[in-house]
Every structure is written in C-alpha cells, then in structure tokens.
There are 2 protein chains.
Amino acid sequence: MVDKSLKVLKDILRKEGLRFTSQRQSVWDEIRGSHEHRDAEDIYMCIRNNDVRVSRATVYRTIDVLVKNRLVRKMEVGDGRSRYEPRLDDEHHDHMICEETGDIIEFFNEELENLQEKIANDHGYTVVRHVHQLFVKPFPE
Amino acid sequence: MVDKSLKVLKDILRKEGLRFTSQRQSVWDEIRGSHEHRDAEDIYMCIRNNDVRVSRATVYRTIDVLVKNRLVRKMEVGDGRSRYEPRLDDEHHDHMICEETGDIIEFFNEELENLQEKIANDHGYTVVRHVHQLFVKPFPE
DNA sequence: TCCTTATTGAGATTGAGTCTCAGTGGAAAT
DNA sequence: ATTTCCACTGAGACTCAATCTCAATAAGGA
Ligand SMILES: [Mn+2]
Ligand SMILES: [Mn+2]
Ligand SMILES: [Zn+2]
Ligand SMILES: [Zn+2]
C-alpha cells in the first residue's frame, strides 16, 4: 500500500518531468494518511512535527502538483483557507458541512449528478466540474 | 421603484440601529442598479466614477450590512474575490459559470432543491444554505 | 442650533498564497 | 564512484483582498 502510493507519486513526477524528493514524498504521505479535509498550514505543521524539514512554499508547490494530477482534491469552505483531501479511490462525492460542529459529511447521489448534467445540457453546456455544498444543522431533539 | 428601494434600505438601517448616510445609499444603489455578479473593487470604482466620494472600507462595511439583511447575495467563484448580486425579487437560484467566456448563467430547479433537502434529511440534517455551481463549457460546433 | 456619538476615509495591518534567488541535491552520464 | 547539470528547496520578500485603526466628520435627536 505504501509502496503502491509511492509508485503512483513517482510515476506522476516522471510524467511531469519533475524530480522525486523527500519533501514531495512527505507532503503526499501526510495528505494520503488522513481522510480529513485539511488546510495547508495544518499539513505543513504536521509534517514538521514528524521532524521532517520542509517549507510552506514547498508544501504549496507540491499540493499544486498533486491537485493537477488528481491525487488530491482542493475545496473551499468559504473561510479563505483552501482544504485538501486525498483522492484514494477517486470516487466523486460532494460535501455537507455542519455549521454547528464543523463536521464535513460526504455524500454522493447519482440522480443529483444526472440532473445537474441535464440542466447544463438544456442550456447548451457540458459540466466540466461542479461545487455542491450543503451547509446544514442537525435536527432538533 | 427608487423610492421603494430607498425605503427598504432606511428600514433596514433603522432596524439595525444604524444611520442613513449618502455612502450607504450609493453602495446599495450601485449594486441594485445591475444584475451582474460584481466584485467589491468594481462596485467601488463605479461609485467613484459617478463622482461620489466613498472609501473601500465603507463599501466593504456597507456590503456586509446588505448581505446580512438579505438585500445582497455574496458568492465566491474561486478566484479569491467575492462577488455580489442584488436580491431584488429574492427568488433563489444557482449558478452555471462558463469557463471559456466567464459568463454566469442563473438556473433554478425545484427537483434539485428537493433532492438535496432529502439527502440532508436522510443524514439527520436540515439545509441552512447551499452552494451549487456548475463550471461548464459550451457544446462543440 | 447644539450635542452626542455613529460613521467615514487614509493608510496601516492581516493572512493565505506566491515569488525570488542563492544554495542544495537528484539523477543521468561517464 | 565521480562528475556535472540544473531542478528543487527554503527564508523571507511580496501580493492582494479584506479588515482594522483612529482622528476628523456628519447624522439626527433634543
Ligand atoms: Mn440550489
Ligand atoms: Mn446570480
Ligand atoms: Zn456532485
Ligand atoms: Zn470529501
């Protein structure tokens, strides 16, 4: 599993004509190791707490490569800090954000996906990507 | 129409315990006068081009009041600048953003709205607000 | 008109993210 | 293994939207 993820990273770097470095591996390992939706500062600090020397600039630069090559997904929740999550299985999902707890719940609904594609088509467009976020509150009681 | 919009603004300011000022009227007039999705800098510059003296700080502060009181809707398109649109009739709609032309097309689909509410309910939540943006490309030919 | 105090504006500040560039190190070639 | 080249890194400067500060201004009630 670790070997496979390492190979995935190396293949991407080769494809992009980039060199394999310990910093790039650290960033990918850090993101890959958690299913949470974390900001760059959190990823940066966690890597450093593992006694790995890396700079913010390199974290940001590496994330860009990972996002471009679909190993990582970038999302904005509206607070000015981008969040990142690994795309391990690469199955699409959208997000429900609880405004009381900050919890992020993932969901996928085929019907919803088809419907939005249909709506775009009716306007003469194809959907390239989409953002669908439900800001929610738990039911009372 | 102008009188009515003026009254709406004055009522809101009174309710909030805020004073009516020419700057606040200018900001509301500027946003109200266009159906586009504009950023703060654009709104600011247009007001000043009409020879009204106003500062960026006041534009931002006034927009906050208007957004809080649902006269204006705030949205992010992902480029780091918030966009604002008037909520004249206050009918909800979502956005389709053309990645080739930058055009923003508005749409509303009852079925979509109901479906997302149902999805949230199934997880034990109520939808407080939502963001649904389709980044699209025109069909070829 | 007077008086209190909310509002304003110039400019400083914040903070996420980007850029610069001299020094470092990956890896291909020998 | 050694050399060589040049991509990569990191400290810190920089960007830019947005917020904050605070002295001067102007609502608007008395
Ligand atoms: Mn909607
Ligand atoms: Mn709109
Ligand atoms: Zn979706
Ligand atoms: Zn997710």
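In this text the structure is predicted, and so the values were computed from the model without any measurement. To find a chain, count down the sequence lines: A is the first, B the second, and so on, and within it residues start at 1. Computed over heavy atoms, backbone and side chain alike; hydrogens, waters and symmetry mates excluded.
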Calculate the interatomic distance between [X] atom [atom1] and [N] atom [atom2]; express it in whole Å.
X: B:Ile43; N: D:dA18; atom1: CD1; atom2: C1'; value: 14 Å
X: B:Arg61; N: D:dC22; atom1: CZ; atom2: P; value: 14 Å
X: A:Arg53; N: D:dT9; atom1: CZ; atom2: P; value: 12 Å
X: A:Phe20; N: D:dC6; atom1: CZ; atom2: C1'; value: 19 Å
X: B:Asp39; N: D:dC16; atom1: CG; atom2: C1'; value: 12 Å
X: A:Arg56; N: D:dA13; atom1: CZ; atom2: C1'; value: 14 Å
X: B:Glu41; N: D:dT19; atom1: CD; atom2: P; value: 14 Å
X: A:Arg24; N: D:dA7; atom1: CZ; atom2: P; value: 11 Å

Margin query: Counting the atoms with a prime plus P, OP1 and OP2 as sugar-phosphate, which does B:Arg81 contact under 4.0 Å by heavy atoms, base, sugar-phosphate, or nothing?
Written below: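 Touches sugar-phosphate only.
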
By nearest-heavy-atom nucleotide on DNA chain D, the more 5' of B:Arg19 and B:Ala57 is B:Ala57

- Item | Donor on one side chain, acceptor on other, A:His130 and A:His92, under 3.5 Å | yes

Review point. Would you say the side-chain atoms of A:Glu85 and A:His37 include a donor-acceptor pair closer than 3.5 Å?
Key: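 Short answer, yes.
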
Could you check whether B:Lys10 makes a cation-pi contact with B:Phe20, meaning its NZ or CZ is under 6.0 Å from the centre of the six-membered ring and within 45° of the ring axis?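 Yes, B:Lys10 sits over the ring of B:Phe20.
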
Thinking salt bridges, do [X] and [Y] make one under a 4.0 Å N-O criterion?
X: B:Glu99; Y: A:Arg129; value: yes
X: A:Lys15; Y: A:Asp11; value: no
X: A:Lys68; Y: A:Glu16; value: yes

Would A:Arg81 and A:Glu76 satisfy salt bridge (Lys or Arg N to Asp or Glu O under 4.0 Å), going step by step from the backbone distance to the final call? CA-CA 7 Å; A:Arg81 270 170 297 142; A:Glu76 334 269 343; over 6 Å; no

_Nearest-nucleotide comparison on DNA chain C, the residue closer to the 5′ end among A:Asp79 and B:Thr21_ =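 Its nucleotide being nearer the 5' end, the pick is B:Thr21.
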
Footprint ends on DNA chain C, 5' to 3', for atoms under 4.0 angstrom from a heavy atom of chain B, come out as C:dT5 to C:dA10

